[in-house]
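The analysis underlying the following values was restricted to heavy atoms, covering all of them including side chains, and did not include hydrogens, waters or symmetry mates. Predicted, not measured: the structure shown is a model, and the values here were computed from it. Counting starts at 1 for both ligands and their atoms, following the listed order.
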Amino acid sequence: MCGIVGYTGKSAAAPVVVEGLRRLEYRGYDSAGVAVHTGRGMEVVRALGKLGKLSEALAERPLAGNVGIGHTRWATHGRPSEENAHPHVVGKVAVVHNGIIENHRELAHELIAAGARFSSDTDTEVIAHLVQQALEDGARTLHEAVRRALGRVVGAYAIAVLGTDEPDVIVAARHGSPLVIGFGEGEMLCGSDISALLSHTRDMVFLEDGDVAELRPGGATITTVSGEPVSRATKRIEWSATMAERGGYKHFMLKEIHEQPDAIASTLRGRVDLEASDVHASEIGVTPEVARAIRRVYIVACGTSYHAGLVAKYWLESLAKLPTVIELASEVANRDAMFFEDDLVVAVSQSGETFDTLGAVKAAKRAGAKVLAVANVLESAIPRLADGTLYTRCGPEIGVASTKCFTAQLASLLLLAVYLGRRRGTLGEAIAGEVLKALVAVPGHMHELLGDADYVRSIATTLANAKDVLFLGRGHNYPIALEGALKLKEISYAHAEGYAAGEMKHGPIALIDAELPVVVIAPKDATYDKMVGNVAEVRARDGRVLALATKGDEAMHDLATHIIWLPEAPSWVLPLLTVVPLQLLAYYVAARKGHDVDQPRNLAKTVTVE
Ligand code: F6R
């Protein structure tokens, strides 16, 4: 995790760097720091806590200069503290780093034996020592010194380095952690993702693993670690800087919940062909021959993206008649997972950088399987490795709790099921047409649900003091129960559990009493009758039920303690709708408790560590 930013140009560097860090704060927020080249040397300001603390420290001790690097941290090695905050300065060198240096202990022993003194518990500090050592050993430029240092380290890194002797230079390098460089007018930037650079430029180069770039205000030269020049194409990015602003909402999460109708419309744009009852997705590189040759879909993902994958299993099996396995990506590494050449491995990841999902993709590639990414962040690691990518296209998601990307993942995966079903001949025109029509109507239904946000807020008061909450659903509503519980626990810190309602009698029913709120997902679909039975069982034990039910369902209205109405919609798309009130519920419970909704404790948005 962690976010890094670098700037060299004509503006004051510190405000530019802090502004970039603000956009990367979702990556980590336990401490932050900036180093600026003042023209005479380097000065550093670091602070424990969120970025606001760094801004306060900079107000007291402003840093003047046009070249700077900065970092916002999510601790891996060494607890959050000012000493462990980046940049780390050794001699004439300052370094910010995202990633993990696996051989840092060996390197530190060797450096200490040679007289080095360490002032932090981080793995990063070894990089600063190695660069300084290379300069002392005769490296002619900072770029050369960084290359020599990187030749020694094993692990994952994205780094930006400043050196006292080259006042307008930043050296930026990546291996396994993302880093993008931006070309402004007489200024150059680097950052962990494009949102950090968008207010300066849309022309960007995504560094490849092993690239080491020297940035000066007039441009960049890129080489490999051993010094061979490489050339990388510049891409023009279509996202705008305002897409990463809160736009009048109190939190990014609330804004992103409300952006869902647009996010879905954007995911569907140009892909749905209602006339032919088909899906256009040539970018995924799955030809009709390949589609027919697939024997199995194997979905790998983590967290919320895993829940999207769980829903997709229902669609892929019923529409494309493909046996579908879904596994938590973090578990793939814990056993000898078997992938085959005729598998289609679908890696679902908002960030496209999640360490475990990336690891599962590598394992699948080694076995010769075809890999399809469903991702939101352009040019991120998983799409780069995959054979094709279905981008969710919902703009930057800043709130740590994923919302709009979840529903956009669902829309993409339903498109995929239709696409495969049509090419495999398992899905006729009539049903495909129905599914696609239902998908196109989703943004309208979402507007309707979002129109009831105030009502959901009033219901949230009934959950605000609950210590435990149970979420129940069956069939395609079961993953939504899991997702509703995850949303609530990660931002409200209440214990919440999602359960398949059919499992109630096998254990959780013992929990039911007048204190435990039970959220039940019970739209009028094939699972409805059985869900009515579950609700009756809970009520018979004095349980409190908050039901999500289809408008006009009098029976559920009489049975439940509270009710949130769902619009009538074909069963295919219900998971895209039932989740919306659950997102709002989690948001309002957490906001009522006064929590920092966008940056919940202990979490970071992009989990690039194991
Ligand atoms: C929860 C959440 C996480 C992510 C998970 C995977 O709201 O956002 O559970 O879904 O960390 O992240 P990606 O999708 O980036 O691979």
Which class fits the ring pair His71 and His86: parallel under 30°, tilted 30 to 60°, perpendicular over 60°?
parallel
Any pair counted as salt bridge (Lys or Arg N to Asp or Glu O under 4.0 Å), so long as it reaches residues 451-462, sequence neighbours left out
Asp454-Arg457
I'd like to know if the side chain of His595 reaches the main chain of Ile491, judged simply by a donor and an acceptor atom lying under 3.5 Å from each other, with no hydrogens or angles considered.
yes
Does anything in residues 394-408 form a salt bridge (Lys or Arg N to Asp or Glu O under 4.0 Å)? List the pairs, not counting sequence neighbours.
Glu259-Lys404, Glu397-Lys605
Any cation-pi pair here, Arg601 with Tyr493, using under 6.0 Å and within 45°?
yes
Across all chains, not counting sequence neighbours, the side chain to side chain contact (heavy atoms under 4.5 Å, CB included) partners of Pro178 are Arg27, Asn98, Arg174, Glu353
Contact set, ligand 1, heavy-atom distance under 4.0 Å, ordered by chain/number, equals Cys302, Gly303, Thr304, Ser305, Ser349, Gln350, Ser351, Thr354, Val400, Ala401, Ser402, Lys487, Glu490
